[in-house]
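In what follows, a structure is listed as structure tokens, so that the remarks can point back to it.
Because the structure is a prediction, the values reported are computed rather than measured. Start at 1 and go down the list; that is how both ligands and their atoms are numbered.
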Amino acid sequence: MKDVMTMGDAMITFDPSHNGPMRYSTSFERKAGGAEFNFAIGCARLGLKTGWVSRLGNDEFGKYIRNFARGEGIDVSSVKLMDNYSTSLNFKEILEDGSGRTFYYREKSPTETLTEHTVDSQAFRNVRLFHVTGVFAAISPEKNINLMKRAITIAKDQGALISFDPNIRLKLWSKEEANYWLTQLLPYIDIMLTGTEEADILLGENEPEKIIQACKRFGILSVAVKKGAEGAIAHHDGQTLSMPAVPPSKVVDTVGAGDGFDAGFVYGLLNKWSLKRTLHFANTIGSMVVSVYGDNEGLPELEDVQVKLGEKEYVER
Ligand SMILES: O=C(O)C(=O)C[C@H](O)[C@H](O)COP(=O)(O)O
């Protein structure tokens with residue numbers, strides 16, 4: 001039995017060695033990223049038994065990403081390296097305030113080869129939670145929405161919860177396309193993890209209370225609305241709670257905070273924590289991610305969060 005399963009593309013992420021406009025960035029650090037991949041790392045570091053379904057290029061970068069995931073303790077038995085495909089790339093621009101832009105080179109993603117017929121359907125059985133996001137959907141909308149529906153149905157039939165982060169990337173598709181395809185997934189979703197702008201595209205609502213009500217109309221009973229530095233509002237078990245963000249020690253790179261929040265939120269729900277504890281835990285992880293460079297380098301292990309929350313002592317030497 002796995003705690004968590006996810007499916008999606010991963011990329012080599014090039015982080016600039018200096019902040020500022022990308023056109024002046026002359027050196028980069030080679031790392032790895034991708035929404036579902038970051039989520040899987042976040043879950044695995046918290047101690048959840050995690051699996052990831054993907055396709056990477058049969059190249060040096062694909063081997064690096066697969067080894068990286070394996071090193072994090074993620075089950076990569078459903079990650080295959082494909083001949084004639086190159087691993088996707090992503091160059092990051094980071095501005096002075098930690099915000100930035102991404103530049104994708106992923107026109108022919110190896111996950112194109114992942115179909116209803118080639119996917120290992122066994123991967124979705126016996127999992128407590130299956131996490132999907134709009135990034136994977138955006139890569140090949142028609143094929144991937146069908147694949148996601150099929151995988152979700154397998155997981156759900158065996159009792160899994162389905163969590164969903166719209167992760168709408170307007171460099172990959174338009175608002176209209178995102179709305180058309182992603183709304184098809186909503187009737188299957190149990191846990192919605194969204195930002196307000198994404199919710200506006202998806203549900204036509206950008207106020208947390210209205211987002212929660214709109215989700216309910218699709219049968220989505222657990223909702224977290226992420227508002228970055230303003231904190232988050234969540235609804236679960238009939239209770240709605242708003243909590244401020246946990247102030248980070250510094251903000252150097254905001255990418256990956258949402259994925260980290262998602263991992264923390266599902267961790268709390270899987271452990272049947274109170275909504276208050278779950279939301280504070282997820283906010284804490286988000287704040288830890290933004291104070292470290294990289295999409296997933298700041299994702300903490302469980303012990304790191306416990307130290308941050310004052311639940312455990314940090315012993316220096
Ligand atoms: O896979 C993609 O296309 C991505 O955009 C990867 C991003 O690194 C993460 O998805 C970060 O997303 P946030 O956690 O919302 O900052």
Side-chain angles (χ1 to χ4, degrees), residues 6-16 28-43 45 52-56 61 65 68-69 87-95 97-107 109-111 114 131-141 144 163-173 178 182 192-199 201-202 224-230 232 245 248 251-266 282-283 285-300:
T6 189
M7 169 167 65
D9 196 21
M11 307 165 288
I12 289 292
T13 297
F14 290 94
D15 268 1
F28 296 85
E29 227 181 298
R30 187 210 57 185
K31 296 179 175 174
E36 299 86 1
F37 172 77
N38 295 340
F39 172 82
I41 294 171
C43 291
R45 288 195 190 153
W52 173 47
V53 174
S54 192
R55 297 290 183 266
L56 300 162
F61 286 161
I65 293 176
F68 184 125
T87 298
S88 303
L89 306 178
N90 174 27
F91 286 81
K92 270 167 73 182
E93 174 186 74
I94 307 177
L95 302 177
D97 61 354
S99 68
R101 294 187 293 179
T102 57
F103 300 88
Y104 293 129
Y105 294 83
R106 63 191 317 186
E107 281 71 34
S109 160
T111 60
L114 201 49
H131 180 73
V132 289
T133 100
V135 174
F136 182 56
I139 289 170
S140 312
N144 286 353
S163 57
F164 171 62
D165 185 333
N167 265 338
I168 296 175
R169 306 282 179 256
L170 294 176
K171 287 201 173 178
L172 298 178
W173 56 2
L182 293 180
M192 168 72 85
L193 304 155
T194 183
T196 50
E197 284 173 31
E198 295 167 326
I201 295 170
L202 196 58
V225 181
K226 301 177 266 184
K227 295 187 73 181
E230 289 171 44
V251 179
V252 299
D253 180 359
T254 58
V255 179
D259 300 333
F261 177 100
D262 293 355
F265 198 81
V266 303
N283 275 344
I285 295 180
S287 111
M288 292 172 86
V289 172
V290 302
S291 51
V292 177
Y293 280 107
D295 296 9
N296 46 55
E297 282 74 0
L299 289 167

Centroid-centroid under 6.0 Å between Tyr105 and Phe91 rings: yes
Interfacing atoms of ligand 1 (cut-off 4.0 Å, heavy-atom, Tyr104): 2 (C), 3 (O), 4 (C), 5 (O)
What protein heavy atom lies closest to atom 11 (C) of ligand 1? Include the residue and the distance to one decimal. Asp259 OD2, 3.2 Å
Can you find an N or O of Asn90 that's nearer than 3.5 Å to an N or O of ligand 1? no
Note: ligand 1 atoms sitting under 4.0 Å from heavy atoms of Asp295 are 8 (O)
Asp295 with Lys31: basic N within carboxylate O range, under 4.0 Å: no
Is there a donor-acceptor pair under 3.5 Å between the side chain of Glu198 and the backbone N or O of Gly195? yes
Sidechain-backbone polar pair: Ser54 side chain, Gly8 backbone, donor-acceptor under 3.5 Å: yes
Are any of the N/O atoms in Val255 less than 3.5 Å from those in ligand 1? no
List the steps and the verdict of side-chain contact (heavy atoms from CB on, under 4.5 Å) for Asp165 and Lys226. CA-CA 10 Å; Asp165 185 333; Lys226 301 177 266 184; 2.7 Å; yes
With a cutoff of 4.0 Å, is Ala257 in contact with ligand 1, counting heavy atoms of the residue only? yes
Can you find an N/O atom of Ala35 closer than 3.5 Å to an N/O atom of ligand 1? yes
Please say whether the positively charged group of Lys92, taken as NZ for Lys or CZ for Arg, lies over the ring of Phe28, i.e. under 6.0 angstrom from the six-membered ring centre and within 45 degrees of the axis. no
Residue portion contacting ligand 1 (non-hydrogen atoms closer than 4.0 Å) for Arg106: side chain
Using atom types as modelled and distance alone, determine if a side-chain donor or acceptor of Lys171 lies under 3.5 Å from a backbone N or O of Thr102. yes
Option whose closest heavy atom lies nearest to atom 15 (O) of ligand 1, chosen from Glu36, Lys226, Glu198, Arg169: Arg169
What protein heavy atom sits nearest atom 16 (O) of ligand 1, and how far off is it? Gly256 N, 2.8 Å
With heavy-atom distances below 4.0 Å as the criterion, list the atoms of ligand 1 near Asn38. 8 (O), 9 (C)
Is the closest N or O pair between Gly258 and ligand 1 shorter than 3.5 Å? yes
Whether Asn144 side chain and Phe136 backbone form a donor-acceptor pair below 3.5 Å: yes
